[in-house]
Amino acid sequence: MDRGEVKVAVMSDEEVTAGIQSMVRQSPAPFRPLVVLEFAVGAKQSAIEWMISKLQGSEATGGAELEVSAVVMTYKQQTVLYIGAKNTRLLSAADMTSLCKVYKDNHYREFTIEDMANFKGIEDVDSFLTTAEKQKLILHEMEAVRASDEEGHIPGYDKIKLWTGKSILKKYLSREIITKMYPLHEPEEIKKLGADWYQLKRVFKEQPIDDIRHYFGEKIALYFAFLGYYTIALIPPAFIGIIYFITSWQSMYREAIFAVFNLIWATIFLEVWKRYCSELSYRWGTIDMVSSKYDEPRANYYGTLGENPVTGKPEPVFPKWKRNFRFYCVTVPIVSVALGIAFYIMLGYFIMQEWADKKYASEKSWVNFSVLYLPTVIYAVLIGIVNAIYRKVAKKLNDWENHRLQSAYDNHLIVKLILFDFVNCFISLFYVAFYIQDMALLRSHLAALLITQQLIGQVQEAMVPFLFLKRRKKQVDEVLKKQNALQKKEYFNGEIAEDVQRQAGMESEMEEYNGTMDDYLEMFLQFGYVFLFSSAFPLAALWALINNVTEIRSDAFKMVKVFQRPFAESAASIGAWQVAFELISIMAVMTNCALIGMNPEVRKLLPSDVTAVNIVLIFVAVEHIILAIKVAVAYLIPDQPKWVEIELAKTAYQSKLALQEKHFQVNLSKHIHRTSQDKEKIDAVLKEKSQ
């Protein structure tokens, strides 16, 4: 891929437009709706018409220059917009957003209109961009329509004020004037993808990662690639855990050997994953995606309308001190209170557990035996409930902080979620391990938390969507019957086909996909359960493996059958989650060394006159040795395969040649121009002398 590709030819806007139109004119495509917007029932007509005018308006007037058809359903007074775009508009947007496509040399390069003839597949303009790319570009153009200084409120809603420079579409969505926005599925493509992905006969086969990327985008494809890689990495520790479970070998070395293996294996897994991730991102043309302060701001970013000092483009400006004030003076105190609540819930759990233990000790019956595990189950359920509430609070705080870049927004949200969920899920385990110091209780508590949360997750993610799928289809059929009495008001592009309306009605009733954040967080917590206290519960990896085998297919089923199609997003890696997993693996060294150090059998090996301070120093030294081994392993496994490094070097070299060619062309042009001027001067002088 060539991010540094230099454009040699310089074309005017008129020449660029003419070039696109000449290429597209050969195969004019009919209007094809790709994205659907649904207004709220009873939404003000002036607000609807204003949005349509913004979507259809030219770029010069601040519009998105898209194609729009509207259907008004009179039986419930709701307007539905079907959004599409001409090929000329999509290619222009691809150029402006630096979309990467395959060049004639089979490498990914940023698409440019000036050089579009050299991109593979441009001969068929309709299929040059995938449907997912078209939908992503349409979303970008819709979100890029921002309020000007004169547009102080939404027409028909005088109380809904507009920030200068804020995305108008995002304001409609946040105030629920527009209730739903989703890209349409491709029925044949999604059917084929589902057959290759989640069906029972594919359980032990490789996921079609490239097809997932083609349909859903790089971000979702990388999540499923990571989930599959992580699941495979669980096989060795799960196998050893089974051996430990079925054998009667009892020794002080048993837990130590398993813990050391797990700690080194976690590092190997994370480093090998980075290599595989770099291969995928290179193949997909996203490997050198780097965010900077000059990137385009988020659609939800607001502030006074200013100008980017580098690009010169108009964009909102929000003072950094305000964001810092909101973070340190509001967010930090609220998060601290939430952590305190999690701590007191943990104390309440141990009070309940103590009561259950006493009840069982007084009368050992089957009823009291079931009561014995009731506090742990209740605590696991409470953890899930409190996590869900906190996630909503964290998202609102993150929105309010008003981060400029999407990467900064995601990273701050990840930190908030990880911090709370780590405390909420693991504080009781630390309490048992290092305060009560009861290994048997730690083992049973860890097993109960892990298994209970995974069972709850499987029911929520697999069983519930499956049970409600047929019911949802019946509801959609009833809705579509009512649509027989539609009154259609066409603003543009003629009729919308009945099958498209039926498809949109079906997908409207599907659940909205909220991104990969919760999925990564679930894997992060599971990773912590498996590795933080691996010496206490070797079977944790087995339970995680069983869960993940079904998780891959249940998540795939939901993406195909349950969720609305999400807009595709580009990604070069799993981002801040890579750092989060690496931090857990480092913490696991500390916790497992401490657990082994507190083992009475291990202490018997030490001389009797060794003081407590010396014991601590010994195990700190052991901990540092293991950390050194982890660092060495990470160093010995390069983040990128050699062939990827070579290809990137070739790309950099080609960029250098292109730059040299550009300088040569410019200098040659100047030389020719100067020579022509000198010749004219000489001719003029000779002419004067001859006279």
Side-chain angles (χ1 to χ4, degrees), residues 32-36 121 126-127 129-136 182-232 276 279-280 283-284 457-477 480 497 499-500 502-516 519 523 545-569 571:
R32 179 192 173 192
L34 296 171
V35 179
V36 176
D126 290 337
S127 61
L129 298 173
T130 67
T131 300
E133 289 171 339
K134 292 177 181 178
Q135 291 166 337
K136 179 169 69 172
Y182 50 93
L184 288 171
H185 273 294
E186 299 167 84
E188 293 302 319
E189 289 291 324
I190 195 65
K191 184 178 179 181
K192 181 178 180 298
L193 178 59
D196 294 336
W197 193 6
Y198 69 81
Q199 290 190 357
L200 192 60
K201 62 183 180 180
R202 302 282 306 180
V203 169
F204 298 106
K205 294 185 178 180
E206 187 178 358
Q207 298 181 85
I209 296 297
D210 288 316
D211 294 338
I212 297 169
R213 175 254 175 178
H214 180 84
Y215 194 88
F216 290 111
E218 291 83 10
K219 191 171 184 178
I220 291 176
L222 281 177
Y223 161 70
F224 280 99
F226 176 78
L227 177 56
Y229 225 71
Y230 170 49
T231 301
I232 294 172
Y276 180 57
E279 291 182 30
L280 291 178
R283 264 173 32 204
W284 298 340
Q458 286 296 324
V459 170
Q460 288 179 335
E461 297 181 8
M463 297 302 296
V464 173
F466 179 77
L467 293 174
F468 280 93
L469 185 62
K470 291 185 178 180
R471 181 183 175 187
R472 185 179 292 115
K473 286 182 178 179
K474 292 181 180 179
Q475 292 174 341
V476 171
D477 287 339
L480 292 176
D499 60 333
V500 175
R502 180 178 179 83
Q503 179 188 349
M506 174 75 75
E507 294 178 19
S508 175
E509 298 300 317
M510 291 181 172
E511 296 181 24
E512 181 183 358
Y513 181 64
N514 293 319
T516 58
D519 295 320
M523 291 298 103
L545 176 62
I546 295 171
N547 175 81
N548 288 3
V549 170
T550 57
E551 178 87 14
I552 292 173
R553 306 307 162 184
S554 63
D555 282 355
F557 174 81
K558 289 188 298 181
M559 294 301 301
V560 173
K561 291 288 188 180
V562 177
F563 289 134
Q564 293 172 350
R565 183 178 189 171
F567 286 98
E569 295 182 61

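Aromatic ring orientation, Phe224 versus Trp197: perpendicular (interplanar angle above 60°, classes split at 30° and 60°).
Just one residue in the list Gln207, Met559, Lys561 forms a side-chain contact (heavy atoms from CB on, under 4.5 Å) with Tyr198, and that residue is Lys561. Applying side-chain contact (heavy atoms from CB on, under 4.5 Å) to Thr516 and the options Lys219, Glu569, Met523 leaves one that passes, Lys219. A side-chain contact (heavy atoms from CB on, under 4.5 Å) with Leu184 is found for one member of Val36, Leu34, Thr131 and no other, namely Val36.
Heavy atoms only, all atoms of each residue included: Glu186 and Tyr215 are closest at N-OH, 2.9 Å. Considering all non-hydrogen atoms of both residues, Val500 and Pro33 come closest at CG1-CG, 3.7 Å.
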Could you go through Trp284 and Ile209, starting from their C-alpha distance and side-chain angles, then the distance that decides it, and tell me whether this counts as side chain to side chain contact (heavy atoms under 4.5 Å, CB included)?
CA-CA 11 Å; Trp284 298 340; Ile209 296 297; 3.5 Å; yes
Decide side chain to side chain contact (heavy atoms under 4.5 Å, CB included) for Met506 and Gln503; before the verdict, give the C-alpha distance in whole Å, the side-chain angles of both, and the deciding distance to 0.1 Å.
CA-CA 5 Å; Met506 174 75 75; Gln503 179 188 349; 5.7 Å; no
Report the C-alpha separation of Ile546 and Thr550 in whole Å, then their side-chain angles, then the decisive distance to 0.1 Å, and conclude whether the side chain to side chain contact (heavy atoms under 4.5 Å, CB included) test is met.
CA-CA 7 Å; Ile546 295 171; Thr550 57; 5.5 Å; no
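We find that Asp210 and Arg283 are joined by a salt bridge, their nearest charged nitrogen and carboxylate oxygen being less than 4.0 Å apart. A salt bridge does not link Glu511 to Lys558: none of the charged side-chain nitrogens sits closer than 4.0 Å to a carboxylate oxygen.
Here the CG atom belonging to Leu280 is positioned 13.0 Å from the CZ atom belonging to Phe226, to the nearest 0.5 angstrom. The line from NE2 of His214 to CG of Leu193 is 10.0 Å long, rounded to the nearest 0.5 Å. To the nearest 0.5 Å, the span separating CG on Leu545 from CD1 on Ile232 amounts to 10.0 Å. Atom CG in Leu222 sits 12.5 Å away from atom CG in Leu227 (nearest 0.5 Å). The line from CZ of Arg213 to CD of Glu218 is 4.5 Å long, rounded to the nearest 0.5 Å. Separation of atoms CZ (Phe567) and CZ (Phe216) is listed at 13.5 Å; rounding is to 0.5 Å.
Not one N or O on the side chain of Arg565 forms a donor-acceptor pair closer than 3.5 Å with the backbone of Glu507. Looking only at distances, no side-chain donor or acceptor of Ser508 sits under 3.5 Å from a matching main-chain atom of Ala504.
Partners of Arg553 under the salt bridge (charged side-chain N to carboxylate O under 4.0 Å, His left out) rule, at least two apart in sequence or in another chain, do not exist in this structure.
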